[in-house]
Amino acid sequence: MRPNRVISVLVLLFLVFGLSKAHAQQGEAVLRYPISSDPEHLNPFTATTIATSTVLNSIYEGLFTLNRATGEVVPHLAERYEISEDKLTYTFYLRKGVLFHAVEGVKYESDDREFKTDDWLWAAKLSLSKDESISAHPEWMESVVGAADFKEGKTTEIEGVKIIDDHTFELRLTAPNRLFLHTLGVPAVSREAYEQLGPDFATHPVGTGPFMFTEWKRDNYLLITANPDYWREGYPKSSGVRFINIPDANTAALQYRQNELDFLFGFPTGQRTALVGEFSAEYREMPGLNVRYFGFKMDKGFFVEHPKVRQAFSHAFNRSLVWDDLMEGARFPALKGVLPPLMPASDPAIKYDYNLERAAELLKEAGFPEGEGMPPIKLFVFASAKDELSFPVLQDDLKKLGVELEIVVEDNTTYWDHVGTEEVLFFLSGWSAGQQDPADVFNFLFLDGRDDTKYNNPKVNDLLRAALSEFDPAARERIYQETHELIMADAPWIVSAYSKVAWLQKPWIGNFEPGGGGTYTADLAAVEIDTSKRP
Amino acid sequence: MSRYLGRRLLQFIPTAFGILTVLFILTYLMPSDPLRAVLGEQYRRLPPEVVEGIREELGLNQPFLSQYLGYVGRLLRFDLGRSYILEQKVIDIIGYRLPHTFQLMLGGLLVGGVIGIGSGIAASLRPGRWLDHLLTGLALVGASIPVFWLALVLQLVLTQDKYGAALFPVAGYESGSIRHLALPSLVLGLNLASGLSRVSRAAMIEARSRDYNLTARMKGLRSRAIIQRHQLRNALIPILTVLSLDMGYLLGGSVVTETIFNWPGLGRALIPAIDRRDTPVIMGILIFGAVLFMLINLVVDVLYGIIDPRIRLEK
């Protein structure tokens, strides 16, 4: 073929394919929501990541939701509930007329799609499956009497569950647990879909939520559309959500600028200030529930013997320089304690401000004047945080005290495997709390030495157990305050930063209100789009 | 010809088996516990006995040899296994992504081939003159520009109203849309063009020095016919070799382009799988890629014989 013919064919193809496909989505009230990675799958029983929750939050519902501002539980599919005097028996009254999504290929007996107590019980039993490939959430039901025996296969029914009628049931707990409603995560899942779709259920979720699963092209987009039978009058406010997979933050920013997206959730490194300046009217931020820290190994090695060295290091870290200036405000510098500032008891009396003189004194008291006699210190860091400028600043600050710090960057999987070993005594880490409750930090990171620092203080353990059965919020806050002071005195961490939930949203978007857990916690059913303003 | 093909295809078996063994040993030797990656943050929330249960479930507690033999056994039944993480069969992961990767590969080869071979030939016509210097200089610049930078510049100039003209979408894949394919193809193609341009130029200059040019001219052929029928055909052998290597590169090496342009190709499944130690996906994609690459090589070898009958396949 001659070159000019090749060119004319190309031009023809361009006209046929190119122009016909342009701007297919204009005018529809479908949210264009960027995600940086795909959900692994869409099975609520095995979902463990933020990527899956981002989508599943709009498809499945539980008996309760969280108030995003206060972290309190709010009745949702349970219309109301009662707790017995002894705090051991819970009675739930299900909302009537809640329907599972009508989906092609899923048939219901006498076309009855209503969510009832036996649907809930089926899901609760499935969550206790011994086969971990079926359920990764034994914690949902673990406080209920007989859950352990059922899981072990010793019984065929869960002893502590009593079905009263189609819309009422009772649960009996092994011990009072004020967080029970928070952990009772059993969602309303269509049993018919689970059984009839087989392996396809993992990619074709069927729940009762405001949106129905429609289409998924992996690493491209995932589309959910409004559920016409949804029980909340007037919801969802939009006709659907298109989750668009954009792994590169820079590409996402370019798409946002071209109005190809309604939100921008990640800021490319080094462009934060510029983008916030360019779109200042569209910028939103709020404190988050993630805490970033450098952990000391507290069961073996150098730091166990030298609490004053740990305290000295905590004083010798210029958090404000890192997070306010060098990282352009990506997080809040941690000027208080180990708890994110949204939580109760998050302001301990013992704090570690940036004070090199005090740090030098502490080192001297520990027997290492001007760093003399200190062994070489290695800091282990995971690769996805390698652009974070906190560790070079720490390295520089420690150098002023005469301490040499070597930074070891490892790919994430290697790092996570390595961090539990004796070789690692000092490491960068982080934790995302799921709710605004100190228990969600303390119980996972400071109880019984179960976290990578192996921090294990019997007094702290006792206090944390006591707090779990303390139903009075004020008394509980006092316990957590005391716990927090003990932990701060022990200094098992250099607390580095608290997360900032920050994003850009276009002016035609309304009612997008995420919680401290992250932008993925927003109720997308409430989000409004003014399509007349969207170009 | 058919005997040759049969023999070559038979040779595939030991080669594929060798690749498979080496890959399996390498993935087995990868440091760290795949479970930590499979479970993510949940690993820290789950009690140890649950974690051990999952390990048994996935067969990760078995010794090397039994894991290896089990894998080979399943592979002989064309079963590439299931992803630890994605609740999907590996064959489905590959089947979904391969067409996207092929589209990008063809787009890149088309752009790279037209620009690279075209500029190489143009430069070879008057070696040492200004056009030659200009084109070789451009090829050098092209070879030195990193893909991500070129992609960014093209995105700024060709997709942003603020900095240029929004002629193309910033990124994304739409079935059958040339507009979406254009920019990633251009980035990949320009990257390939510099190498192709230099090889084409050298091969053409070499072909021009041969005696058959003199014969052709004496027959009274026009320059254009000599270039098309004699020089280009002779120069095609090294060009084809480079093109086949480029195809191998495009099969797995276009991850950066795929990431920047949200292109759902094979590379974007492979890299997260490596990060998260999703061994069945890593093995599946790499073995599939290796077999495909062997096939491309076979096709190229056959093409050698068609382009230049002096190359006899039978011997």
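Every chain is numbered from 1 and lettered A, B, ... according to where its sequence line falls, protein lines coming before strand lines.
- Across every non-hydrogen atom of B:I85 and A:H41, the tightest pair is O-CD2, 3.5 Å.
- Closest non-hydrogen pair, B:T259 versus A:P247, comes out as O-CG, 3.4 Å.
- Between B:T159 atom OG1 and A:Q255 atom CD the span is 8.5 Å, to the nearest 0.5 Å.
- When all heavy atoms of B:V170 and A:Q258 are compared, the closest pair comes out as CG2-CG, 4.1 Å.
- With a 4.5 Å cut-off on side-chain heavy atoms, B:Q160 and A:L254 count as touching.
- Using a 4.5 Å cut-off between heavy atoms, A:S37 does not touch chain B at all.
- Counting non-hydrogen atoms of other residues, nucleotides and ligands closer than 6.0 Å to NZ of B:K89 gives a total of 12 or fewer.
- Using a 4.5 Å cut-off between heavy atoms, B:E258 does not touch chain A at all.
- Between the CG atom in A:L42 and the CD atom in B:E87 there is a gap of 9.5 Å [rounded to 0.5 Å].
- With sequence neighbours excluded, the residues that form a side chain to side chain contact (heavy atoms under 4.5 Å, CB included) with A:A439 are A:R178, A:L179, A:D437, A:N443, A:Y480.
- Between A:N220 and B:Y96, the shortest heavy-atom contact is CB-OH, 4.2 Å.
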Report all side-chain donor-acceptor pairs from residues 111-118 of chain B shorter than 3.5 Å, counting only partners two or more places apart or in another chain.
none

### Task
Walk me through it: do B:K162 and A:E278 pass the test salt bridge (Lys or Arg N to Asp or Glu O under 4.0 Å)?
CA-CA 12 Å; B:K162 192 176 170 188; A:E278 183 179 348; 3.2 Å; yes
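- Residue with the most contacts toward chain B among A:D38, A:D248, A:I50, A:I246: A:I246 (heavy-atom pairs, distance under 4.5 Å).
- Proximity to chain A (any heavy atom under 4.5 Å) is restricted, for B:L152, to the side chain, taken from C-beta onward.
- Between A:D219 and B:R97 there is a salt bridge, since at least one side-chain N of the basic residue sits less than 4.0 Å from a carboxylate O of the acidic one.
- Between B:Y84 and A:E40 the shortest side-chain heavy-atom distance does not fall below 4.5 Å.
- Within the 4.5 angstrom heavy-atom criterion, only side-chain atoms of A:E260, from C-beta onward, approach chain B.
- In terms of modelled atom types and a separation under 3.5 Å, the side chain of A:T251 and the main chain of B:I260 share a donor-acceptor contact.
- We find the OH-CD distance between A:Y221 and B:E174 to be 8.0 Å, quoted to the nearest 0.5 Å.
- B:R268 and A:N245 are linked by a side-chain donor-acceptor pair at a separation below 3.5 angstrom, with hydrogens and angles left out of the test.
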### Message
As a quick check of understanding, evaluate side-chain contact (heavy atoms from CB on, under 4.5 Å) for A:R218 and B:L86, giving each step before the final call.
### Response
CA-CA 10 Å; A:R218 289 214 189 221; B:L86 304 178; 3.8 Å; yes
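- Chain A forms more heavy-atom pairs under 4.5 Å with one residue of B:I93, B:L181, B:D161, B:L156 than with any other, namely B:D161.
- Pairing each heavy atom of A:T414 with each of B:R277, the nearest pair is OG1-NH2, 3.1 Å.
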